[in-house]
2 protein chains.
Amino acid sequence: MARWEPNAQTRLQQAAMELFRERGFDGTSVAEIAERAGLTERTFFRHFADKREVLFVGGDWVTTDLRAGIADAPADATPLEVAEAAFSRLADAFEERREFSRTRHAVIDANPELMERERRKLALLADSVADGLRERGVDETRARLASEVGMAVFRTAYTRWATSSDGRTARAYLREAFAQAKAL
Amino acid sequence: MARWEPNAQTRLQQAAMELFRERGFDGTSVAEIAERAGLTERTFFRHFADKREVLFVGGDWVTTDLRAGIADAPADATPLEVAEAAFSRLADAFEERREFSRTRHAVIDANPELMERERRKLALLADSVADGLRERGVDETRARLASEVGMAVFRTAYTRWATSSDGRTARAYLREAFAQAKAL
DNA sequence: AGACTGACGACAGTAACTGACAACGCTTTC
DNA sequence: GAAAGCGTTGTCAGTTACTGTCGTCAGTCT
């Protein structure tokens, strides 16, 4: 028999999600999360850099998805179209984890500290998209602008999707948002 | 004679700026800031909700400026033009405090935690712009999009201005960024 | 068999933040 | 002009996020 129960990290994440929904982010301590997962506080911090991070790790696939979206975009696409292609992949990924993504959004949305972290992560994604654009030969300023604007559009669409009650897909919301943005 | 030296809050802010530049944000404790200002740690937290906030309080004029910019925009301006008018006011305000704004940006840029807070504050400003647009009769989605996109453009321009070595004004950077964004 | 590794617990310590209460110059009230 | 109330600070004790260090032991490697 193994010395410890397996999947410590996953157990911590599940325990955290439960407790955050029950008592809110500030209302639950790291010690409580660890206890519910059958571990100690110290072990929690071996898996996550800080308390918030428990909701954000495991998102490496996101960057990969974005890059894949950029690579697949047609060679003659404008920078903004490339950004749209990248973020469309993201929308699809959220759609695949629909229920999880939506409850995760609700938890984050209820706490300013978590919203900050979410924005920071999204900013890193925007950086990643900007990098991809530069590699395509887009100049620095345009790359930054296209990625930032694309991210802004994505965020409005994502928020609307996560809080919507109709069954429309994330990609549908995103397409609509980009169309409206271009019309501005 | 007064019981205490006046301007406790300002003294704390100055002490914090100095220490953050000398030792970095993480390298200075709240106790040290308070000591340099001739106060106690407890008093620091009476003036600022948390350690980061010492760099962000006193920014109420910003919202007022944005609103004024919106109010002054011509009645037939598009939502994005209204947002541009609002953010132009902001650019002017930063230009007036040129040196202060630029060193403040350098301090914030050196620390992810501070960048998070900056983004959150900027997000609130975007909300404010969106509110102003809605009051002008712009529908919810377009208001959100215009303010978010406008904010994205502003942020790229602001970063470029804060790190630039030529003497161009913040407004010049902003105008250029908006022109390029529209060309996307 | 013995060395090594990896994931964990135990414990002590720092620093951010909070609540409760006391001190005391200043202002208001009678 | 004394008393009462107010506002800003100090003091102190406490909670919680987070870190460093060391010991433990099942599984793996040699």
Side-chain angles (χ1 to χ4, degrees), chain A residues 1-20 22-58 107-108 110-118 120-121, chain B residues 1-20 22-58 107-108 110-118 120-121:
Chain A
M1 164 184 149
R3 184 166 184 202
W4 304 283
E5 296 299 313
N7 306 116
Q9 181 156 316
T10 307
R11 275 155 46 213
L12 284 166
Q13 284 177 312
Q14 286 175 345
M17 270 283 259
E18 290 173 20
L19 287 166
F20 291 165
E22 291 170 17
R23 317 178 195 174
F25 181 77
D26 287 331
T28 98
S29 71
V30 172
E32 290 168 338
I33 298 169
E35 189 187 353
R36 180 168 299 201
L39 295 164
T40 64
E41 194 181 345
R42 189 68 187 88
T43 297
F44 179 95
F45 286 108
R46 286 203 180 89
H47 287 276
F48 309 105
D50 62 59
K51 183 180 169 186
R52 294 179 266 176
E53 201 62 14
V54 70
L55 287 174
F56 294 93
V57 291
V107 169
I108 291 174
N111 190 286
E113 305 255 332
L114 294 173
M115 289 182 67
E116 273 189 35
R117 177 60 56 93
E118 174 88 328
R120 177 163 143 196
K121 293 279 174 176
Chain B
M1 166 182 145
R3 180 168 187 202
W4 308 283
E5 297 298 315
N7 307 117
Q9 181 157 315
T10 308
R11 275 154 48 213
L12 285 166
Q13 283 177 311
Q14 287 175 345
M17 271 283 258
E18 289 172 22
L19 287 166
F20 291 165
E22 291 170 18
R23 317 179 195 174
F25 181 77
D26 287 330
T28 99
S29 72
V30 172
E32 290 168 337
I33 298 169
E35 189 188 353
R36 179 167 298 200
L39 295 164
T40 63
E41 193 181 347
R42 189 67 185 87
T43 298
F44 178 96
F45 287 108
R46 286 204 180 88
H47 287 277
F48 309 104
D50 61 59
K51 183 180 170 185
R52 293 178 268 177
E53 201 62 15
V54 70
L55 286 172
F56 295 93
V57 291
V107 169
I108 291 173
N111 190 285
E113 302 257 332
L114 293 173
M115 290 182 66
E116 273 188 36
R117 177 62 55 92
E118 175 89 327
R120 176 163 141 198
K121 292 279 173 173

> Can you name the residues that form a side-chain hydrogen bond (donor to acceptor under 3.5 Å, both in side chains) with A:Arg36, not counting sequence neighbours?
Replying inline: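 Applying side-chain hydrogen bond (donor to acceptor under 3.5 Å, both in side chains) to A:Arg36 gives A:Glu18, A:Glu22.
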
> Can you name the side-chain hydrogen bond (donor to acceptor under 3.5 Å, both in side chains) partners of A:Thr28, sequence neighbours left out?
Replying inline: none

> So which of B:Glu41, B:Arg42, B:Glu35 actually passes side-chain contact (heavy atoms from CB on, under 4.5 Å) with B:Val30?
Replying inline: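 Testing B:Val30 for a side-chain contact (heavy atoms from CB on, under 4.5 Å) against B:Glu41, B:Arg42, B:Glu35 leaves exactly one candidate, B:Glu41.
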
>> Going by the rule ring-ring contact (aromatic ring centres under 6.0 Å, His included), which residues pair with B:Phe48 if we only count those two or more places apart in sequence or in a different chain?
In response: B:Phe44

Nearest-angstrom distance from the residue atom [atom1] of [X] to [atom2] of [N]:
X       : N      : atom1 : atom2 : answer
A:Lys51 : C:dC17 : NZ    : P     : 13 Å
B:Phe44 : C:dT18 : CZ    : C1'   : 14 Å
A:Asp50 : C:dT14 : CG    : C1'   : 17 Å
A:Phe48 : C:dA7  : CZ    : P     : 14 Å
A:Phe45 : D:dC18 : CZ    : C1'   : 5 Å
B:Glu32 : C:dA15 : CD    : P     : 8 Å
B:Glu53 : C:dC17 : CD    : C1'   : 14 Å

> How is B:Ala31 classified with respect to the nucleic acid when contacts are heavy atoms under 4.0 Å: base, sugar-phosphate, or nothing?
Replying inline: nothing

> How does protein contact run along nucleotides 5-13 of chain D, one letter per nucleotide 5' to 3', with B for base contact, S for sugar-phosphate only, - for none, heavy atoms under 4.0 Å?
Replying inline: --BBBBBB-

>> For A:Glu113, give me all partners under side chain to side chain contact (heavy atoms under 4.5 Å, CB included), at least two apart in sequence or on another chain.
In response: A:Arg52, A:Asn111, B:Arg52

> For A:Arg120, what residues pass the side chain to side chain contact (heavy atoms under 4.5 Å, CB included) criterion, not counting sequence neighbours?
Replying inline: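 Side chain to side chain contact (heavy atoms under 4.5 Å, CB included) list for A:Arg120, sorted by chain: A:Arg117, B:Pro112, B:Glu116.
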
